[in-house]
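Please read the structure below before turning to the comments.
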Amino acid sequence: MKIADSVVELQAILAQERKENKCVGFVPTMGALHEGHIALARRCVAENDFSVVSIFVNPTQFNNKNDLVKYPRTLESDCALLQSAGVDVVFVPSEEEIYPEPDLRQFDFGGLETVMEGQFRPGHFNGVAQVVSRLFEIVKPDRAYFGEKDFQQLAIIQSLVKQLNLSVEIVPHPTVREPDGLAMSSRNRLLTPAQRKSAAAISQALFESKKNKGRLSISETKNEVINQINSRPELRVEYFDLVDGGTLQSVQNWEDSDQIVGCIAVYAGDVRLIDNIRM
């Protein structure tokens, strides 16, 4: 496995591979890798001739600078995991490599970005679009892999690809969970033991809401999930919404959409966790 820390170095490696008409797969990450990331990497390796994983903590997508400072950085162990997954090259650029000059682009994703994460993290998705479009420009992958845990982000990236008319196939991958159901996240390692134990209640509430779908209305389902999670002293729901999986707009009745998704953000102390479930 090679490690490239500059755009020039990575593109030289890719140019050599493309001479042989190899299909390039790509997984963008911010590091602090867990089994969810490694599942993406393994799938990328299996489905392409050449695999690239990037590790870059993107400053433009953090609206909370304290969150940026606290974000875990574990490059050495990340690279060991990626090597064991069979990845061909890891791209670990500096901020100057990604943004040689300030990125002033403003994207418009309409209703996709004004709800849920967009409402509570203003500017976040513009930063995501900046870094993902820049990485696509550098790597020019045939396929790129993203986890469904970040359901709204996935919708934004699919919209980005259409807007910019990029020839990359976006491949969604199902959420990978801990044995107790908690969605895997780099932020999980910031939880105290008590918070980590309570955090399993997030997915439990989501799974139960799916079971109760025929018994409860939309508003009753929302209230039950929120109350169930907030009953844990370590947890506080920031939002829980039931939305159309295509538009991300709230639904009022179960008949409003045939692809309803429950999306949630919960604070465990200062650690913010997100999850979702297809209803």
When rounded to the nearest 0.5 angstrom, what is the spacing between [atom1] in [X] and [atom2] in [Y]?
| X | Y | atom1 | atom2 | answer |
| --- | --- | --- | --- | --- |
| I156 | Q158 | CD1 | CD | 10.0 Å |
| S185 | D150 | OG | CG | 8.0 Å |
| E178 | M184 | CD | CE | 4.0 Å |
| Q152 | N276 | CD | CG | 10.5 Å |
| S198 | L235 | OG | CG | 5.0 Å |
| M116 | Q249 | CE | CD | 8.0 Å |

*Between A205 and V225, which heavy-atom pair has the shortest distance, and what is it?*
O-CG2, 3.8 Å

_So which atom in L248 and which in V115 form the shortest heavy-atom distance, rounded to 0.1 Å?_
O-CG2, 3.6 Å

Side chains of [X] and [Y]: closer than 4.5 Å at any heavy-atom pair?
| X | Y | result |
| --- | --- | --- |
| F125 | F107 | no |
| Q153 | I157 | yes |
| L160 | F109 | yes |
| I218 | Q252 | no |

Short question: side chain of [X], backbone of [Y] - any donor-acceptor pair under 3.5 Å?
| X | Y | value |
| --- | --- | --- |
| N64 | N66 | yes |
| E234 | A268 | no |
| N126 | T60 | no |
| Q228 | Q204 | no |
| D275 | L182 | no |

*Does the side chain of Y71 come under 3.5 Å of the side chain of N58 through a donor N or O and an acceptor N or O?*
no

*Are side-chain N/O atoms of S250 and D241 paired as donor and acceptor at under 3.5 Å?*
yes

Look at atom [atom1] of [X] and say whether more than 12 heavy atoms of other residues, nucleotides or ligands are closer to it than 6.0 Å.
| X | atom1 | value |
| --- | --- | --- |
| K70 | NZ | yes |
| K65 | NZ | yes |
| K22 | NZ | yes |
| N227 | CG | yes |
| R278 | CZ | no |

*Using a strict 4.0 Å threshold on nitrogen-to-oxygen distance, state whether R134 and E137 make a salt bridge.*
yes

*Is the H37 ring parallel, tilted or perpendicular to the H34 ring (thresholds 30°, 60°)?*
tilted

*Give me the one residue out of R43, E148, K149 that meets side chain to side chain donor-acceptor pair (under 3.5 Å) with H173.*
R43

*A265: partners by side chain to side chain contact (heavy atoms under 4.5 Å, CB included), with sequence neighbours left out*: E117, E238, Y239, R272, I274

